[in-house]
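Only one structure is covered here, and it is reproduced in the block below.
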Amino acid sequence: MVIVSGRLVVAPEQREAYLDGCVSVVEQARRAPGCLDFSITADLVDPGRINIFERWEAQTDVEAFRGGGPSDDQSAAVVSASVSEYDVAGSRSLT
């Protein structure tokens, strides 16, 4: 399993438009082979922060979906980013 997790920072006045532009990406990802979870969400306390969380069955699934990455417009809106991939050997349910 692969987890992609982190944050993007955009100008607070651009966050809503940035997230609106991500709706189709989230929909596509959730239909992609190997996608277990995928979300791009507004942070509850920081008006410029966007939280990223993805969970995939395998690295090959991530790579097949990722393609060229974000559009030029989206990339230009990002002030900073800290997103990492994690290889997971196992998991435990907390519910």
Side-chain angles (χ1 to χ4, degrees):
M1 180 185 311
V2 176
I3 291 177
V4 178
S5 179
R7 70 182 180 291
L8 306 176
V9 176
V10 299
E13 63 275 7
Q14 292 184 334
R15 185 171 74 176
E16 194 65 34
Y18 186 95
L19 290 171
D20 287 346
C22 293
V23 171
S24 66
V25 172
V26 173
E27 292 170 341
Q28 291 170 24
R30 289 180 180 176
R31 289 190 304 266
C35 181
L36 301 170
D37 196 6
F38 195 102
S39 62
I40 302 173
T41 60
D43 190 77
L44 294 176
V45 295
D46 183 337
R49 180 175 166 149
I50 296 170
N51 297 311
I52 307 294
F53 181 81
E54 304 173 24
R55 194 163 53 100
W56 297 88
E57 289 180 2
Q59 183 65 40
T60 53
D61 297 321
V62 175
E63 292 169 2
F65 174 75
R66 190 77 57 221
S71 71
D72 291 341
D73 289 341
Q74 284 181 317
S75 294
V78 175
V79 174
S80 67
S82 177
V83 181
S84 299
E85 285 185 359
Y86 302 90
D87 297 314
V88 180
S91 64
R92 292 175 299 285
S93 176
L94 297 177
T95 57

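Small disclaimer: the values here were computed from a predicted structure and weren't measured.
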Check: Ser93 side chain, Thr95 main-chain N or O, donor-acceptor pair, under 3.5 Å: yes
Distance-minimising heavy-atom pair for Asp61 and Gly34: OD2-CA, 3.4 Å
Closest approach of Val45 to Pro47 (non-hydrogen atoms, all atoms of both residues): O-CD, 3.7 Å
4.5 Å side-chain heavy-atom contact, Leu8 and Val83: yes
Shared hydrophobic cluster for Leu44 and Ile52 (ILVMFWY, side-chain gaps under 4.5 Å): no
Val25 reachable from Ile3 in the ILVMFWY side-chain graph, under 4.5 Å edges: no
Spacing of CD belonging to Glu13 relative to OH belonging to Tyr18, to within rounding of 0.5 Å: 15.0 Å
Minimum-distance pair of heavy atoms, taken over all atoms of Asp37 and Phe53: OD2-CE2, 3.6 Å
Ile50 vs Arg7, side-chain contact (heavy atoms from CB on, under 4.5 Å): CA-CA, chis, key distance, verdict: CA-CA 6 Å; Ile50 296 170; Arg7 70 182 180 291; over 6 Å; no
side-chain contact (heavy atoms from CB on, under 4.5 Å) assessment of Arg30 paired with Ser39: CA-CA 9 Å; Arg30 289 180 180 176; Ser39 62; 4.1 Å; yes
Heavy-atom side-chain contact between Trp56 and Val88 under 4.5 Å: no
Any Glu85 side-chain heavy atom under 4.5 Å of Glu54 side chain: no
Shortest non-hydrogen separation from Ala11 to Val79 and the atoms involved: N-CG2, 4.1 Å
Whether Arg15 side chain and Arg49 backbone form a donor-acceptor pair below 3.5 Å: yes
Heavy-atom closest pair, residues Val26 and Phe38: CG1-O, 3.8 Å
Heavy-atom closest contact (Ala58 atom, Val2 atom, distance): C-CG2, 3.9 Å
Side-chain heavy-atom pair Met1, Glu57 within 4.5 angstrom cut-off: no
Worked verdict on Gln14 versus Leu19 for side-chain contact (heavy atoms from CB on, under 4.5 Å): CA-CA 9 Å; Gln14 292 184 334; Leu19 290 171; over 6 Å; no
Distance in Å, Arg55 CZ paired with Tyr86 OH, rounded so as to fall on 0.5 Å steps: 16.0 Å
Gln28 side chain reached by Cys35 side chain, heavy atoms, under 4.5 Å: no
